[in-house]
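Worksheet: the structure to be examined is printed underneath.
Note on naming: letters A, B, ... go to the chains in the order of the sequence lines (proteins, then strands), and numbering restarts at 1 for each one. Quick caveat: nothing in here was measured; it's all calculated off a predicted structure.
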There are 2 protein chains.
Amino acid sequence: MSQEEGRTRAADDDAAAVARSRFVERFAGQLVEAGMTRMPARIFAALLASDSGALTSAQLGEQLKVSPAAVSGAVRYLTQQHMVSREREPGTRRDLFRVHDNQWYEALTSRDSVLKHWEDALREGVESLGADTPAGRRVGETLAFFEFVQSELGGMMDRWREHRKTLGLD
Amino acid sequence: MSQEEGRTRAADDDAAAVARSRFVERFAGQLVEAGMTRMPARIFAALLASDSGALTSAQLGEQLKVSPAAVSGAVRYLTQQHMVSREREPGTRRDLFRVHDNQWYEALTSRDSVLKHWEDALREGVESLGADTPAGRRVGETLAFFEFVQSELGGMMDRWREHRKTLGLD
DNA sequence: CCTTAACTTCACAAGTTTGTGAAAGCAGCG
DNA sequence: CGCTGCTTTCACAAACTTGTGAAGTTAAGG
């Protein structure tokens, strides 16, 4: 038994839980700084740091010490953003929420991303300011930059999928 | 005179001001959705849509209908993020705030970007969860993804500078 | 040096956001 | 079909944010 190595099984579990919780709160903190709201950030981080990659509402509520209502709201947001998917655990009435590694960071780079909305606003700005005015030209260049970035993303994700294989992550 | 084209000079100016303001508020709105706080977003948008690319505190306050205090706070934030630079207008005591097109979106992709902080948190997570645990592996893959993205950014910005020339923006 | 224009800081009031408890809604199972 | 257990919705209280007015600081110019 691991007691002979200086700790009990329970202490091991406890240490693991503490490590997990520290990571969850720290990573969630970064997501919050980047603009995500707190509860979805914490839930997302908790799923990322779970062994199975999926947890039930009850588990999330317990681990994060929040009410079912809070979980419900946050999880709706996350599924809308395609960062998490909902499954019904067969043979029970619990919902399971899962991070699909691929899925979620593909979502980061895809169609209705933040970038697209910026581009729309910028495009309208160029038109209404006039493409031939100094202001219009400045906004136009910004637009050109984001369009360029957008055009590069596809290729980048292709290269990632390639690179991923070389790392032995399947 | 442009009155013969159906509008007065004043009306032209007014129309331009309205167009500018609509753009400012719309683009700022997108920045807010992406996580920036409202006042910095509005000020940044106002600078972007200005003809000279630079405005004084007073101009910003007047155009956005906010107090000097609000301008001061927002501008401090923007300069810390390297999105705007402060100049002293020579021969006066006014400060001028400027968007340097290059500078600001280079800032988006550089060193102390959001990405780096995410990576730090993820790296710590892998260590404390254990690289050989399921959770540690999942967090590790996420880390690998962001490291990959980071490694691609340099090349992308190089290609942008190239592409920029072909667009005739110098 | 003193004046004064400009910027900054601070305490606070108004306005939002966030998460909760309680009630209502759903769906699988007996 | 009606229990029962899970999820969602809603109104509200608490906590946090945001922008303001006013006082404080700085430095250019006389």
Side-chain angles (χ1 to χ4, degrees), chain A residues 21 24-25 27-47 50 52 54-81 83-98, chain B residues 21 24-25 27-47 50 52 54-81 83-98:
Chain A
S21 171
V24 167
E25 297 306 331
F27 188 58
Q30 292 303 326
L31 296 177
V32 167
E33 268 194 46
M36 194 181 299
T37 45
R38 180 155 256 102
M39 194 58 62
R42 295 178 72 207
I43 289 192
F44 182 74
L47 288 171
S50 67
S52 61
L55 297 171
T56 65
S57 276
Q59 290 174 315
L60 286 166
E62 188 194 9
Q63 190 180 321
L64 302 177
K65 299 277 191 299
V66 294
S67 69
V71 174
S72 173
V75 129
R76 180 177 29 170
Y77 171 84
L78 289 169
T79 52
Q80 278 168 359
Q81 304 299 310
M83 294 179 67
V84 157
S85 60
R86 177 195 303 256
E87 309 173 354
R88 171 57 54 100
E89 204 171 6
T92 160
R93 9 194 127 146
R94 284 183 184 82
D95 281 351
L96 248 194
F97 300 98
R98 180 179 300 278
Chain B
S21 172
V24 167
E25 297 306 332
F27 188 57
Q30 292 302 326
L31 295 176
V32 168
E33 267 194 46
M36 192 181 298
T37 45
R38 179 155 258 102
M39 193 60 60
R42 294 179 73 207
I43 288 192
F44 182 74
L47 288 171
S50 67
S52 61
L55 297 171
T56 65
S57 276
Q59 291 174 314
L60 287 166
E62 189 195 8
Q63 191 181 321
L64 302 177
K65 300 276 191 301
V66 294
S67 70
V71 175
S72 175
V75 131
R76 181 181 30 181
Y77 172 83
L78 288 170
T79 53
Q80 278 168 357
Q81 304 299 310
M83 294 180 67
V84 156
S85 60
R86 176 193 305 254
E87 308 173 356
R88 171 56 54 99
E89 203 172 7
T92 158
R93 355 190 140 148
R94 283 183 184 80
D95 281 350
L96 250 193
F97 300 98
R98 179 178 299 280

Using whole Å, report how far CG of B/L55 lies from P of C/dC7.
13 Å

Return the 5'-most residue of the pair B/T56, A/R42 with respect to DNA chain C, ranking by each residue's nearest nucleotide.
B/T56

First encountered from the 5' end of DNA chain D, between A/R88 and B/R38
A/R88

A/R86 side chain near D/dC6 phosphate (N/O to OP1/OP2, under 4.0 Å)
no

Can you measure B/L64 atom CG to D/dT20 atom P for me and round it to whole angstrom units?
10 Å

Considering all heavy atoms of both residues, which atom of A/L47 and which atom of A/F97 are nearest to each other, and what is their separation?
CD2-O, 3.3 Å

Check every atom of D/dT9, D/dG19, C/dT20 against the side chain of A/S72 and return the nucleotide holding the closest atom.
D/dT9

So does B/E87 get a backbone contact from the side chain of B/R98, meaning a donor-acceptor N/O pair under 3.5 Å?
no

Rounded to the Å, how far apart are B/Y77 OH and C/dC7 C1'?
21 Å

Donor-acceptor under 3.5 Å (B/R42 side chain, B/L64 main chain)
yes

A/I43 CD1 to D/dT7 P, straight-line distance once rounded to whole Å:
12 Å

Distance in angstrom units between B/L60 CG and D/dG19 C1', rounded
15 Å

Are any non-hydrogen side-chain atoms of A/Q81 and A/M36 less than 4.5 angstrom apart?
no

Any base atoms under 4.0 Å from B/R94, or only sugar-phosphate, or nothing? Heavy atoms, all strands.
sugar-phosphate

Separation of B/F97 atom CZ from C/dT8 atom P, in whole Å?
6 Å

Just how far, in rounded Å, is C1' of D/dT8 from CG of A/L78?
16 Å

Could you tell me whether the side chain of B/E89 reaches within less than 4.5 Å of the side chain of B/D95, counting heavy atoms only?
no

Taking CD from A/E89 and P from D/dC6, how many angstroms apart are they, rounded to a whole number?
11 Å

In terms of side-chain heavy atoms of A/R93, which of C/dA22, D/dT4, D/dG21 is nearest?
D/dT4

With the side chain of B/R76 defined as its heavy atoms from C-beta on, choose the nearest nucleotide among C/dT9, D/dG19, C/dT20.
C/dT9

Which listed nucleotide (C/dG21, C/dG19, D/dA22) is nearest to the side chain of A/A69?
C/dG21

Heavy atoms only, 4.0 Å cut-off, all strands: where does B/G61 land among base, sugar-phosphate and nothing?
nothing

